[in-house]
> 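Mind having a look at this structure? Questions to follow.
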Amino acid sequence: ARIDSLDDFDKQAILAASVLGQRFSLDALRHLTSNSQYNPDGLTSNNLIRPEGDDYLFAHALVKEGVYTSLLKTRRAELHRNAAEWYAPHDLALRAEHLDRAEDPTAAAAYNQAAEAEVAALRLETALQLADRGIELVREPAARCALLCLRADALREMGAIEESITAFETALDSATDDVSRCRAWIGAASGLRIADRQSEALEILDKAQTVATDHDLVSEQSQIHYLRGNVYFPLGNIDGCLKEHGHALRFAQAAGSAESEALAF
């Protein structure tokens with residue numbers, strides 16, 4: 001009854017707010033309503049929302065859910081896409097989730113991008129969750145391979161080495177080109193090295209190097225030589241180890257990768 005008594009501006013605002021979630025910012029709400037001057041006093045005076053620090057909060061979860069379920073499917077999808085646009089510069093995970101709720105075909109790619117950012121930030125459990133949801137949605141084999149590789153990277157960094165190796169092997173099954181296979185081989189070799197399966201790691205690195213050389217993949221060549229050097233060290237091949245890290249350094253500098261250069265040093 002309180003919602004029905006609102007004017008049109010406030011009605012549209014409360015509908016948009018329900019898409020943003022239980023807590024939301026005024027800037028995000030203004031973006032969704034396309035009204036940069038919107039003031040939510042009408043919503044607060046009706047006890048539908050209340051201020052919470054710099055943000056706003058629905059007065060009760062049931063209010064939010066009731067408003068959200070009243071949205072027509074097409075309008076709901078439109079608002080979720082607008083929310084994804086708002087979050088794109090601020091929060092890649094929320095962007096992906098809103099595209100997902102909008103049933104947008106780009107949602108899987110958005111989850112891939114968000115998972116990459118979480119792996120880089122070492123928020124590995126979140127990265128794993130994002131990659132898993134992306135894998136559920138993805139249809140294209142190449143995109144599936146990329147998400148599986150991200151999932152495998154997160155598992156390795158979390159210490160789940162055997163699971164990581166298995167995930168890379170699954171990614172290889174989805175690979176549609178040599179470049180994707182090369183990257184999956186590099187990831188698998190990284191896990192095999194840690195698992196002390198050195199001969200298998202060397203075999204896979206040889207396959208990866210053939211592809212990386214043929215396609216002039218400079219960054220990948222640095223990774224391959226770095227990993228091979230790390231495999232040689234516990235095998236007692238010190239000269240080979242130093243030589244491989246020298247190659248890794250040269251390719252890292254060619255690629256302009258400070259991280260790969262530091263690893264080679």
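Atom set for the values below is all heavy atoms of this structure, side chains included, hydrogens, waters and symmetry mates excluded. The structure presented is a predicted model; accordingly, all values stated were derived computationally and were not measured.
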> Do Gln37 and Asn35 have side-chain N/O donor and acceptor atoms under 3.5 Å apart?
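On atom types as modelled, these side chains do not qualify, holding no pair under 3.5 Å.
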> What's the spacing between Ser190 OG and Asn230 CG if we round to 0.5 Å?
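Reported value, rounded in 0.5 Å steps: 8.5 Å.
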> Is Leu57 close to Ile49 at the side-chain level, that is, under 4.5 Å between some pair of heavy atoms?
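Of all side-chain heavy-atom pairs linking Leu57 with Ile49, none is under 4.5 Å.
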> Taking the side chain as every heavy atom from C-beta outward, state whether Arg95 and Gln113 have any pair of such atoms under 4.5 Å apart.
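Yes - at least one pair of side-chain heavy atoms lies under 4.5 Å apart.
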> Could you report the tightest heavy-atom contact between Ser45 and Gly42, atom names first, then the distance?
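Of all heavy-atom pairs spanning Ser45 and Gly42, the closest is OG-O, 3.2 Å.
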> Which residues pass the side chain to side chain donor-acceptor pair (under 3.5 Å) test with Gln221, sequence neighbours left out?
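Counting only residues at least two positions away or on another chain, Gln221 forms no side chain to side chain donor-acceptor pair (under 3.5 Å).
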> Are a donor atom and an acceptor atom from the side chains of Asp27 and Ser25 found within less than 3.5 Å of each other?
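No pair is found: no donor N or O on one side chain lies under 3.5 Å from an acceptor on the other.
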> Say whether Leu79 and Leu20 are linked into one hydrophobic cluster, either directly or through other cluster members, by side-chain heavy-atom distances under 4.5 angstrom.
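Looking at the clustering, Leu20 is in the same group as Leu79.
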> Under a 3.5 Å threshold, yes or no: a donor from one side chain and an acceptor from the other, between Asp177 and Ser180?
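A pair is found: one side chain offers a donor N or O, the other an acceptor, under 3.5 Å apart.
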> What's the verdict on side chain to side chain donor-acceptor pair (under 3.5 Å) for Asp10 and Gln12, showing C-alpha distance, side-chain angles and the deciding distance?
CA-CA 5 Å; Asp10 284 334; Gln12 293 305 312; over 6 Å; no
> One pair to check against side-chain contact (heavy atoms from CB on, under 4.5 Å): Glu118 and Leu124. What are the steps and the verdict?
CA-CA 6 Å; Glu118 293 301 299; Leu124 302 173; over 6 Å; no
> Output the distance between atom CD (Gln223) and atom CG (Leu217), rounded to the nearest 0.5 Å.
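One finds 10.0 Å between CD of Gln223 and CG of Leu217.
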> Do Glu220 and Val218 come within less than 4.5 Å of each other through their side chains, counting heavy atoms only?
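Counting from C-beta outward, Glu220 and Val218 never come under 4.5 Å.
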> Where do Lys64 and Gly21 come nearest, in terms of heavy atoms and distance?
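Heavy-atom minimum between the residues: CE-CA, 3.9 Å.
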> After noting the C-alpha distance and the side-chain angles of Arg101 and His98, does the key distance pass the side chain to side chain donor-acceptor pair (under 3.5 Å) rule?
CA-CA 5 Å; Arg101 285 177 173 250; His98 279 289; 6.0 Å; no
> Which heavy atom in Ala28 sits nearest to a heavy atom in Trp86, and how many Å separate them?
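Minimum heavy-atom contact is CB-NE1, 3.3 Å.
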> Show, in sequence, the C-alpha distance, side-chain angles and deciding distance for Glu163 and Met158, and conclude whether the side-chain contact (heavy atoms from CB on, under 4.5 Å) test is met.
CA-CA 10 Å; Glu163 289 181 59; Met158 293 169 69; over 6 Å; no
> Begin from the C-alpha positions of Leu15 and Val19 and carry the test side-chain contact (heavy atoms from CB on, under 4.5 Å) through to its verdict.
CA-CA 7 Å; Leu15 290 170; Val19 167; over 6 Å; no
> If we ignore hydrogens and angles and just use 3.5 Å, is the side chain of Ser257 paired with the main-chain N or O of Gln253 as donor and acceptor?
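The answer is no, because no donor-acceptor pair under 3.5 Å joins these two groups.
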> Got a sec: does the CG of Asp54 have more than 12 other heavy atoms crowding it under 6.0 Å?
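No, CG of Asp54 has 12 or fewer neighbouring heavy atoms, counting only those of other groups under 6.0 Å.
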> Transitively linked via ILVMFWY side-chain contacts under 4.5 Å: Phe24 with Tyr68?
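Yes, it is one cluster - the side chains of Phe24 and Tyr68 are joined through contacts under 4.5 Å.
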> Using a strict 4.0 Å threshold on nitrogen-to-oxygen distance, state whether Arg81 and Glu103 make a salt bridge.
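Salt bridge flag = no for Glu103 with Arg81.
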> Can you check whether Leu128's main-chain N or O pairs, donor with acceptor, with Arg151's side chain at less than 3.5 Å?
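Here the side-chain-to-backbone pair does not exist.
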> Could you state the interatomic distance from CD (Gln22) to CD (Glu52), rounded to the nearest 0.5 Å?
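Reported to 0.5 Å precision, the distance equals 10.0 Å.
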> With clusters defined by side-chain heavy atoms of hydrophobic residues (ILVMFWY) lying less than 4.5 Å apart, directly or transitively, does Leu32 cluster with Leu48?
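Same hydrophobic cluster.
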> Between Leu99 and Tyr111, is there shared hydrophobic-cluster membership here, with clusters defined by ILVMFWY side-chain heavy atoms closer than 4.5 Å?
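Leu99 does not cluster with Tyr111.
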> Can any side-chain N or O of Ser174 pair as donor or acceptor with the backbone N or O of Pro141 at less than 3.5 Å?
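No; judged by distance alone, with no hydrogens or angles, the pair does not exist.
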> How long is the straight-line distance from OG of Ser36 back to CZ of Arg30, given to the nearest 0.5 Å?
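Arg30 atom CZ to Ser36 atom OG measures 7.0 Å (nearest 0.5 Å).
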> Can you tell me how far apart CD (Glu97) and CG (Leu130) are? Round to the nearest 0.5 Å.
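Glu97 CD to Leu130 CG: 7.0 Å, rounded to 0.5 Å.
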> Taking the side chain as everything from C-beta on, heavy atoms only, tell me whether Leu172 gets closer than 4.5 Å to Leu148.
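Contact flag for Leu172/Leu148 side chains = no.
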> Is a side-chain N or O of Thr213 found less than 3.5 angstrom from the main chain of Thr210, in a donor-acceptor match?
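Not a single qualifying donor-acceptor pair exists.
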> Ignoring hydrogens and geometry, is there a side-chain-to-backbone donor-acceptor pair from Ser164 to Ala160 under 3.5 Å?
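Here the side-chain-to-backbone pair does not exist.
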> Anything under 30° is parallel, anything over 60° is perpendicular, the rest tilted; go ahead and classify His225 against Phe251.
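The rings of His225 and Phe251 lie parallel, inter-plane angle below 30°.
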> With clusters defined by side-chain heavy atoms of hydrophobic residues (ILVMFWY) lying less than 4.5 Å apart, directly or transitively, does Leu192 cluster with Ile194?
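As far as the 4.5 Å side-chain criterion goes, Leu192 and Ile194 are connected within one cluster.
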> Start with the C-alpha distance between Arg250 and Glu261, add both sets of side-chain angles, then the distance that settles salt bridge (Lys or Arg N to Asp or Glu O under 4.0 Å), and finish with yes or no.
CA-CA 8 Å; Arg250 177 164 56 86; Glu261 190 174 346; over 6 Å; no
> Does Asp8 have more than 12 heavy atoms from other residues, nucleotides or ligands lying within 6.0 Å of its CG?
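No, the 6.0 Å shell around CG holds no more than 12 heavy atoms from other groups.
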> Check Ile224 against Ala212 and note the closest heavy-atom contact, atom names and distance.
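Nearest pair, atom of Ile224 first, then Ala212: CD1-CB, 3.8 Å.
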> Evaluate side-chain contact (heavy atoms from CB on, under 4.5 Å) for Leu137 paired with Arg133, printing each intermediate quantity in order.
CA-CA 7 Å; Leu137 296 175; Arg133 180 55 182 161; 3.4 Å; yes
> What are the two closest non-hydrogen atoms of Ala248 and Ser222, and how far apart are they?
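Between these two residues, the closest heavy atoms are O-OG, 2.9 Å.
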> Does atom CD of Glu136 have more than 12 heavy-atom neighbours from other groups under 6.0 Å away?
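Atom CD in Glu136 is crowded, with more than 12 foreign heavy atoms closer than 6.0 Å.
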> Does a side-chain heavy-atom distance below 4.5 Å link Thr33 with Phe9?
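Contact flag for Thr33/Phe9 side chains = no.
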> Between Ile165 and Leu155, is there a side-chain heavy-atom distance shorter than 4.5 Å?
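Answer no - side chains too far apart.
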> Might you confirm whether atom NZ of Lys11 has over 12 heavy atoms from other residues, nucleotides or ligands at distances under 6.0 Å?
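Atom NZ in Lys11 is packed in, count exceeds 12.
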> Measure the shortest side-chain to side-chain distance between Ser260 and Tyr226 over non-hydrogen atoms and say whether it is less than 4.5 angstrom.
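SC-SC contact between Ser260 and Tyr226 ruled out.
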> Please check: side-chain N/O of Arg156 versus main-chain N/O of Gly191, any donor-acceptor pairing under 3.5 Å?
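Side chain of Arg156 to backbone of Gly191, a donor-acceptor pair under 3.5 Å: no, none is there.
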> Which heavy atom in Thr44 sits nearest to a heavy atom in Pro51, and how many Å separate them?
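So the two residues come closest at CG2-CD, 4.5 Å.
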> Below 4.5 Å, heavy atoms only, C-beta onward: do Val211 and Arg181 meet side chain to side chain?
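No, every pair of side-chain atoms sits at 4.5 Å or beyond.
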> Can you tell me how far CG of Leu26 sits from CG of Asn39, rounded to the nearest 0.5 angstrom?
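If we round to the nearest 0.5 Å, Asn39:CG and Leu26:CG are 7.5 Å apart.
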> When you look at Gln209 and Arg228, which way does the side chain to side chain donor-acceptor pair (under 3.5 Å) test go after all the steps?
CA-CA 10 Å; Gln209 186 167 351; Arg228 188 182 284 117; 2.7 Å; yes
